Trainee: 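After the structure tokens below, expect a handful of questions from me.
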Amino acid sequence: MSVDLGKSLGKEPASQPGKGLGPDLGKKDRIDRLAALTATGPDEAGVSLTRDAFRRLRRNPVAIFGAFLVLIFVFVAVFAPWLAPKDPKTLYLIAEVRPNNIPGSQAGFPLGVDNLGRDELSRLILGSQQSLLIGIVSTLMGLTAGMALGILAGGLGGRVDTVVMRFVDIMLSIPGLLMAITVALLLGFNPFSIMVAIAVTQIPIFARLLRGSMLAQRNSDYAVASRCLGVPASKIIFGHVLPNSVSPVIVQATLSLATAIIEAAALSFLGLGNADRSIPEWGSMLADAQDFLTVRPELAFYPCICIVIAALGFTLLGESLREALDPKFRR
Amino acid sequence: MAPLLEVENLSVTFGRKGTRKVQAVDGLTFTVANGQTVGLVGESGCGKSVTSLAIMGLLPSRGVTVSGDVRLEGRSLLGLPQRQLRDLRGSEMAMIFQDPLSSLNPVVPIGIQVTEVLVRHRKLKADAARKEAVDLLDRVGIPDPTRRLKEYPHQLSGGMRQRALIAMALACSPKLLLADEPTTALDVTIQAQILELLKALVVESGTALLMITHDLGVVAGLCDRVNVLYSGRVIESAERRELFGHGRHPYTAGLLASVPRLDSPRGAPLLPIRGSARDTIPWTEGCAFAPRCDNVIDACIGRPPELTDVDGSHQLRCCNPTTVRPVEVLG
Amino acid sequence: MNLVEVRGLKVHFPIRRGLFFDRTIGHVKAVDGVDFDLEHGKTYGLVGESGCGKSTLGRAILRLIEPTAGSVIFDGVDIAGLQGEKLRKARKRMQMIFQDPLSSLDPRQNIESIITEGIDAHDLLDSRKQSRARIVELLEAVGLSAAALRRYPHEFSGGQRQRIGIARALAVEPDLIVADEPVSALDVSVQAQVVNLLEKLQDSLNLTFLVIAHDLAVVRHISDTVGVMYLGALVEEASSDDLYAEPLHPYTRSLMSAVPVPDPDVEDRRERILLPGDLPSPANPPSGCRFHTRCPWRQPERCDTEIPELRVLRPTHKVACHYAEQIEAGTIRPKSADEVAADQGVYVAATGGLDAKDLLDAGKDMPLPQQGF
Ligand SMILES: Nc1ncnc2c1ncn2[C@@H]1O[C@H](COP(=O)(O)OP(=O)(O)OP(=O)(O)O)[C@@H](O)[C@H]1O
Ligand SMILES: Nc1ncnc2c1ncn2[C@@H]1O[C@H](COP(=O)(O)OP(=O)(O)O)[C@@H](O)[C@H]1O
Ligand code: SF4
Ligand code: SF4
Ligand SMILES: [Mg+2]
Ligand SMILES: [Mg+2]
């Protein structure tokens, strides 16, 4: 049965203010004037949820501050070779380093030198590269694998879901540090093994998160409506369910960047990082500095501050992203 | 004698600095006499719940501006410190909500929740309080009250929960009971039980009842006096027979014409009010109902219409009211 | 002529328990043996209390929930037996309108892509331009302007969202529309707009409606035939006029006497037939007549043990009560709610035999049975 709608259907008077209103024409412009005063005029262009979220994000001072910290961090990391005043590997003042004295701030070395006489500032600046790289790559790896598992479980449901989630539960039950050490032992002492180690601890978090919100979205009315329309299953999952489930995952990924930076430092601190200790890295700098805490405590303090600032930036950004994406907070 | 509750020119505005302000209640005035049952009717978003929260002093203190006056037995409530308000709530006035589950503590048996009220406000001993609680539950029609005292809120059905809440509200024989859509979440047969119960309790205890609802039918059977709200203001107020028989505001008349009635002949078309509650203008610019009103004239715009007495205790806020409905409808 | 014939339809949800291996410890009998017909071009209204199985029945007819038993013959084909691509194709002819107009629209899609979805799924139109014209036509049919195309669901009012939902359903040119509480989430002043729109669309497109609602006045206004459900089964079915003029089943009687009417005179005069207690649990329905735990007319023995059939009492009036004739003639007198409650000895709680926790657990994260998209 095909009915020509245009013919068989009259046009229902539009239910928007200012349209088809008013019993006689004389009142029309008066009512238009009234409609212009209404809070939601029909003329403003459609605003998608994503754009709406960004609008609110931009207005949030916490988000701005977080983004500012992140920008500084990324800028420093990307342009580190040009920003660093000196070569980070050269042992400039090695001759002046004594067991009970490390040269402090002086001309040419604003933050002093480390225990091998290398320029502390340049090492801090170049260290940001390692942190950013490990943070981003490990989070991306964790995110990809975690989302794949999440989609599998949350999209297919049923038995697949049970199997995948049991596997994820097992991953979750292994202590992160144990896992990291095992991975490092298997893959050798290099930044890549740190990345894999951190990624592996993040997989179950992403998988659980995505699976949970996908299962909830899958039974929501609009997914049922699409099913009722005869839309193929794959299209429902990737076109409706997934896009509506990723916001918590995006928030978590931002927060994970922060943890990844801290974990990268922690693993390097424990000596699981790069075997080549001359490449600057905040965690290993901290480890080196701890032998000289009494001599020059600033050397431990500086990398700490860097780690905290970088992690704080991502955390603030993530938390305000969570707020912005939460429909509860929408006007 | 002064009325029990006087709400005078009450305005409530939400919104912190920088965000858009929401005027939830806008110059609301009404009174409740001792032992009287007064209805507050209006569509969702017209400010009913906010009004009740303002009366109870339950609005959050930050980001909300309240002006005007609320007096209980001549005593102004708006300026009172939280401690005194807390004492008043429960002893002088009490409230029941739409969703009984969320207003009961889920991890405490209802018996303890009821006795707690008695111990705190009536200073009863634990034993006496328990006896009294059994009495109360029995009075609100909860069968087998001794056993029910030990049950948790989730073990009760919606109707039973609402009864338990009513029991708690009546524990200290308050002079005023506020009921915010107490039957909206319930089925008609359960709604009938609760309405009968409220009716009986009000007569029996002499408590004044402020009944907040969107259902004209509920008001017709229960209230002595009815206030119709639109966009945060009373637009018509009258004794119930006067209002349902001779309601003159275009909005009141429109509401009555747009709901199908179980007892009227079938087949009569419904006459909807056009547009939605979103199509409104601020009261300062004229009549908020003007964009939806069939009777709109020049005088409606520019200056807000005043609430004026039309005849006896019938008050109306309209420049061009509908003519009185013929009396034969009543025959 | 009947468009849909439902026979012996049952939907039982398993209640599962257990840490690793879910044991089935019982069934929620949401729909338990329902027969009825949907006449072509007519509206069938389904009323009943919350949890009595109305929505489940509606969704089972559309195969959005897998029926446990029974058949749904749609225009000669048993929908309950269709699988895969055949089922997907068949969906074109039956659509649904939802209660909550916001949650039934994907918040991330604009109105154009929401409405196009069905057209694309069934390749109804070839070109983008054609489909754009068609969407505008649909929007106008439901009373929205083309300006809505690029906007998103959250930018509309409740009534407008419901119109969008209706346009989406109409896009695939269905014959049957199941409307689950189409107006109960809307403001009173807006409900009438949507009711009028549905009636107008039915006239112009010759649609068949199954309207599910708990508001008896709305159902009466819009339906030709009304079915009353109690605990998963139909207890009475009649033409709208007959049912409201002479409700024969005790449950229908009390249901109607409970509906408030916006008229003080009617309210003051009316005698309410108050029912004691709540709906028993569908996991453990009472024996015999399922209504006997609350029925003011209940008679000993037979009501407790023998299940009353839905039998034809008059040409357009079916009732499932052993004593319908006697009740109508007034030879059996009703008891008051308190007497009934006392009669039953123990109070009949909403949770019936099972502990409330079982039900909470059962509903929580149980996927719909063999749902599979
Ligand atoms: N997926 C499910 N798993 C288990 N039980 C379910 C499920 N869906 C529904 N039920 C149960 O089936 C019964 C009927 O539910 P249904 O949603 O059909 O009721 P309804 O009549 O539509 O009620 P309402 O008026 O509240 O919408 C209820 O007891 C409900 O708890
Ligand atoms: N906490 C809040 N913050 C901002 N706006 C609010 C808040 N609570 C209520 N409002 C707004 O106040 C208006 C009246 O709300 P309410 O009194 O809850 O309406 P109802 O009449 O349905 O009970 C609405 O526009 C609502 O959005
Ligand atoms: S004041 Fe004017 S616009 Fe407002 S309700 Fe009365 S007639 Fe209508
Ligand atoms: S069969 Fe008995 S219990 Fe059931 S409705 Fe009829 S009289 Fe009541
Ligand atoms: Mg409210
Ligand atoms: Mg339902």
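Note on naming: letters A, B, ... go to the chains in the order of the sequence lines (proteins, then strands), and numbering restarts at 1 for each one. Everything numeric in this text was worked out from a predicted model, so none of it was measured.
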Trainee: Of all the heavy-atom pairs spanning S104(C) and A225(A), show the shortest one and how long it is.
Mentor: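 Nearest heavy atoms, S104(C) then A225(A): O-CB, 4.2 Å.
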Trainee: Atom OG in S103(C), atom CD in Q217(A): separation rounded to 0.5 Å?
Mentor: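 Output value for this atom pair is 10.0 Å.
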Trainee: Could you tell me which portion of R63(C) (side chain, backbone, both or neither) has an atom closer than 4.5 angstrom to a non-hydrogen atom of chain A?
Mentor: backbone
Trainee: Any carboxylate oxygen within less than 4.0 angstrom of a Lys/Arg side-chain nitrogen, looking at R161(C) and D221(A)?
Mentor: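 Salt bridge between R161(C) and D221(A), a charged N being under 4.0 Å from a carboxylate O: no.
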Trainee: My understanding is that only one of V178(C), V172(C), L62(C), I97(C) makes a side chain to side chain contact (heavy atoms under 4.5 Å, CB included) with C228(A); could you say which?
Mentor: L62(C)
Trainee: Top residue by heavy-atom pair count (under 4.5 Å) with chain A, among R108(C), M96(C), M94(C)?
Mentor: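 Option with the greatest count: R108(C).
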Trainee: Please confirm whether the backbone N or O of R227(A) pairs with a side-chain atom of R91(C), one donor and one acceptor, at under 3.5 Å?
Mentor: yes
Trainee: Could you look at N110(C) and say if it's the side chain, the backbone, both or neither that has a heavy atom under 4.5 Å from chain A?
Mentor: neither
Trainee: For K89(C), enumerate each residue passing the salt bridge (charged side-chain N to carboxylate O under 4.0 Å, His left out) test, keeping only those at least two apart in sequence or located in another chain.
Mentor: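 Expected list: E85(C).
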Trainee: Looking at CG of L64(C) and CG of N219(A), how far apart are the two atoms once the value is rounded to the nearest 0.5 Å?
Mentor: 11.0 Å
Trainee: Can you see which heavy atom on L229(A) is nearest to which on H122(C), and at what distance?
Mentor: O-NE2, 2.6 Å
Trainee: Under 4.5 Å between any side-chain heavy atoms of V231(A) and R88(C), yes or no?
Mentor: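 With C-beta onward as the side chain, the pair stays apart.
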Trainee: Which distance, rounded to the nearest 0.5 Å, do you find between the OG of S226(A) and the CD of Q109(C)?
Mentor: 7.5 Å
Trainee: For Q252(A), give me all partners under side-chain hydrogen bond (donor to acceptor under 3.5 Å, both in side chains), at least two apart in sequence or on another chain.
Mentor: S256(A)
Trainee: If every non-hydrogen atom of Y222(A) is compared with every non-hydrogen atom of L105(C), which pair is closest and at what distance?
Mentor: CB-C, 3.7 Å
Trainee: Of the non-hydrogen atoms in D106(C) and G239(A), which two are nearest, and what is the gap between them?
Mentor: OD2-O, 4.1 Å
